[in-house]
Number of protein chains: 2
Amino acid sequence: MLQLRPISAECVARRAASACDSCGARAFSVCGGLAEQDLLRLDALAERINLRPGEALTRQGDPADHLFNITSGSVRVFGLMPDGRRQITGFLFSGDFLGLAAEADYAFSAEAIEPVTVCRFDAREYRALMLRTPALEAQLFRRMSHELTAARDQMMLLGRKTAVERLASFLLDLPTHDPARPTAPGHVRLPMTRSEIADYLGLTIETVSRALTRLKTTGVIRLLSLTELRIEQPDRLRAIAQGETRSCA
Amino acid sequence: MLQLRPISAECVARRAASACDSCGARAFSVCGGLAEQDLLRLDALAERINLRPGEALTRQGDPADHLFNITSGSVRVFGLMPDGRRQITGFLFSGDFLGLAAEADYAFSAEAIEPVTVCRFDAREYRALMLRTPALEAQLFRRMSHELTAARDQMMLLGRKTAVERLASFLLDLPTHDPARPTAPGHVRLPMTRSEIADYLGLTIETVSRALTRLKTTGVIRLLSLTELRIEQPDRLRAIAQGETRSCA
DNA sequence: CGCAGCCTTGACCATTATCAACGCTGGTGG
DNA sequence: CCACCAGCGTTGATAATGGTCAAGGCTGCG
């Protein structure tokens, strides 16, 4: 498995390089705190897997046997109701972890959006390694803490924000999580479909489309293509996201 | 501070006694895994505080200097938007932890609903103790993991469920978290106001009231008083919560 | 070139929010 | 002891946001 060694090194490098504004520096220092031998142990558990769009990493209800570290591409995490209603609870990008649950079964499904490469770990072995590696445990602790804060922000969005406010919040958040975003400031890549955005924001595709149009016609954003746009007026977009204006409602 | 010793023992006992259906057994074993000397160290950091309804444990934006363990009563955790819109992200009851964040500042506010007693820890000392106490770390790791799963379920509720489905889900969930619930099966205590329920479910008080009335008139629940009700048809309530019926829509 | 899939736009509808009035309940003071 | 008041909850009428249904457009691929 020695040929796998570059994988976790790559994970660490990507996460360090990612400008996750709120946690970049911290994540880097934690990753940096992992000793060379810890990385080697991680590699021994790792398996590299390629997934095509739509293929599943985890399925709601299946035994939680694996942990994943996304190496490239993007992933949707979602739950389904019996009648097919879908709620996407998050998008994952390279550097993100998946499957960090204490439960025996996955509570949610995860599927590739774009072609994805992941680093897959056996959950039991990973947990055992974690117990022996405080730096790794601390790293995951911080990640879970950030995820929890993000989850609460998302509750605020879903419970109390209007359609336009939700979309504005989404457009501001997305590039801070996607290391594959374009380098030009204000440029946002949308690797997911309108349907996925809708299921993430608790809306329908039509409402997402209309909200985008409204932001476009008011000059706050410019659509460069279906999957790329530019934020023309960041301050106004922030104001809208926080509900500080009725000008766009 | 020796007189504080009973506090964490009490916390442990309460958590163990609570029939948190999904995690009760596990939480108990983890708490049981704490050695006597770990409990003593915890006590040395602990300070008992009483709060009256409406008083704050944490405030959005304040430095996150403390951790809390609720000993009795109930607490609302919430975020506010600039214009006053409120989203309650969770209710906490005796045995629950608060303030487990890696961030420097509290991201959300927490206030007492009923008269509350808490066990307050200095965050830095607690973290230091955690590093020296793997059992404590593992316990918190599990709790965070459960919270994360609960947060995702709540996203499903807020993003995709109807008003009646939200209320049904809430009534089923609440007693599994509230150790002070009445002992009679099917009895649910509502220590929070309609306004708090509304802000938790992403609705208005009027819609909460109407949804309760609908569940009452269809015979699924019976209102015993403003703050207490009985679930008459648990299976039907579960079906409604999962959206498996249109009979109540 | 044509088709399939996704996106946008429009017309209409439904759920829920808003506004308003009324009722209940518990505490206070005449 | 009863009346009043304040606060919370319920109910009703109306309005608005977002959902549903439907048609048409764009884009990329065979």
Side-chain angles (χ1 to χ4, degrees), chain A residues 52-54 76 81 83-87 113-114 157-170 190-218 221-229 240 243 245-249, chain B residues 53-54 76 81 83-87 113-114 157-168 170 190-218 221-229 240 243 245-249:
Chain A
R52 307 160 60 112
R76 57 176 178 248
M81 288 178 64
D83 61 2
R85 275 176 279 177
R86 179 176 72 167
Q87 178 66 38
I113 291 176
E114 307 170 284
L157 181 149
L158 293 169
R160 286 295 175 228
K161 291 191 181 178
T162 67
V164 174
E165 288 165 6
R166 293 181 201 200
L167 198 66
S169 305
F170 175 66
L190 299 171
M192 65 291 290
T193 65
R194 300 290 187 268
S195 168
E196 286 161 342
I197 297 173
D199 285 349
Y200 179 61
L201 299 179
L203 302 169
T204 60
I205 49 174
E206 293 94 333
T207 301
V208 168
S209 186
R210 284 187 248 268
L212 272 173
T213 301
R214 172 168 284 163
L215 289 175
K216 184 183 67 180
T217 56
T218 52
I221 64 171
R222 176 192 303 273
L223 296 176
L224 306 175
S225 74
L226 273 183
T227 60
E228 199 154 351
L229 58 84
I240 293 168
T245 177
R246 296 271 80 135
S247 74
C248 227
Chain B
R76 56 176 179 249
M81 289 178 64
D83 62 0
R85 275 176 279 177
R86 179 176 71 168
Q87 178 66 39
I113 292 177
E114 305 171 286
L157 181 149
L158 292 169
R160 287 295 175 229
K161 291 191 182 179
T162 67
V164 174
E165 288 165 7
R166 293 181 200 200
L167 199 65
F170 174 65
L190 298 172
M192 64 290 290
T193 65
R194 299 290 188 269
S195 167
E196 286 162 342
I197 297 173
D199 285 349
Y200 179 62
L201 299 179
L203 301 169
T204 60
I205 50 174
E206 293 94 335
T207 302
V208 169
S209 185
R210 283 187 247 269
L212 271 173
T213 300
R214 172 169 284 161
L215 289 175
K216 184 183 67 181
T217 57
T218 53
I221 63 171
R222 176 191 303 272
L223 297 176
L224 305 176
S225 73
L226 274 183
T227 61
E228 200 154 351
L229 60 83
I240 292 168
T245 176
R246 295 272 81 135
S247 73
C248 227

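In what follows, chains are A, B, ... by sequence order, proteins preceding strands, each numbered from 1.
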Check: Between D:dC26 atom C1' and A:Arg194 atom CZ, what is the distance in whole Å?
Finding: 12 Å

Check: Looking at DNA chain C, which of residues 204-213 of chain B put a heavy atom within less than 4.0 Å of it?
Finding: B:Thr204, B:Glu206, B:Thr207, B:Arg210

Check: Taking the nucleotide of DNA chain C with the closest heavy atom to each, which residue, A:Arg160 or A:Leu223, is nearer the 5' end?
Finding: A:Leu223

Note to self: Just the rounded figure in Å: distance from P of D:dG19 to CZ of A:Arg86.
What the structure shows: 15 Å

Next item on the list: Could you state the atom-to-atom distance from CZ of B:Arg166 to C1' of C:dA17 in whole Å?
Entry: 12 Å

Notebook entry, point to check: Could you give the CD-to-C1' distance, from B:Glu165 to C:dT15, as a whole number of Å?
Noted result: 12 Å

Item checked: Any donor-acceptor N/O pair, A:Arg160 side chain to B:Arg85 backbone, under 3.5 Å -> no

Checklist line | Spacing of B:Leu226 atom CG relative to D:dG7 atom P, expressed in whole Å | finding: 16 Å

Checklist line | For B:Glu228, side chain to side chain donor-acceptor pair (under 3.5 Å) partners two or more places apart | finding: none

Next item on the list: Would you please name every residue forming a side chain to side chain contact (heavy atoms under 4.5 Å, CB included) with B:Arg86, sequence neighbours left out?
Entry: B:Arg76, B:Phe78, B:Leu80, B:Ile88, B:Ser195, B:Glu196, B:Asp199

Checklist line | Heavy-atom side-chain proximity of A:Val164 to A:Arg210 below 4.5 angstrom | finding: no

Check: Whole-Å distance between C:dT16 P and B:Leu201 CG?
Finding: 12 Å

Check: Which whole-number value in Å describes the distance from A:Leu215 CG to C:dC7 P?
Finding: 17 Å

Checklist line | Beyond-backbone contact of B:Leu167 with B:Leu203, side-chain heavy atoms, under 4.5 angstrom | finding: no

Margin query: Please check this pair: side chain of B:Arg194 against backbone of B:Leu226, looking for a donor-acceptor N/O pair closer than 3.5 Å.
Written below: yes

Checklist line | Length of the CD-P vector between B:Glu196 and D:dC8, whole Å | finding: 10 Å

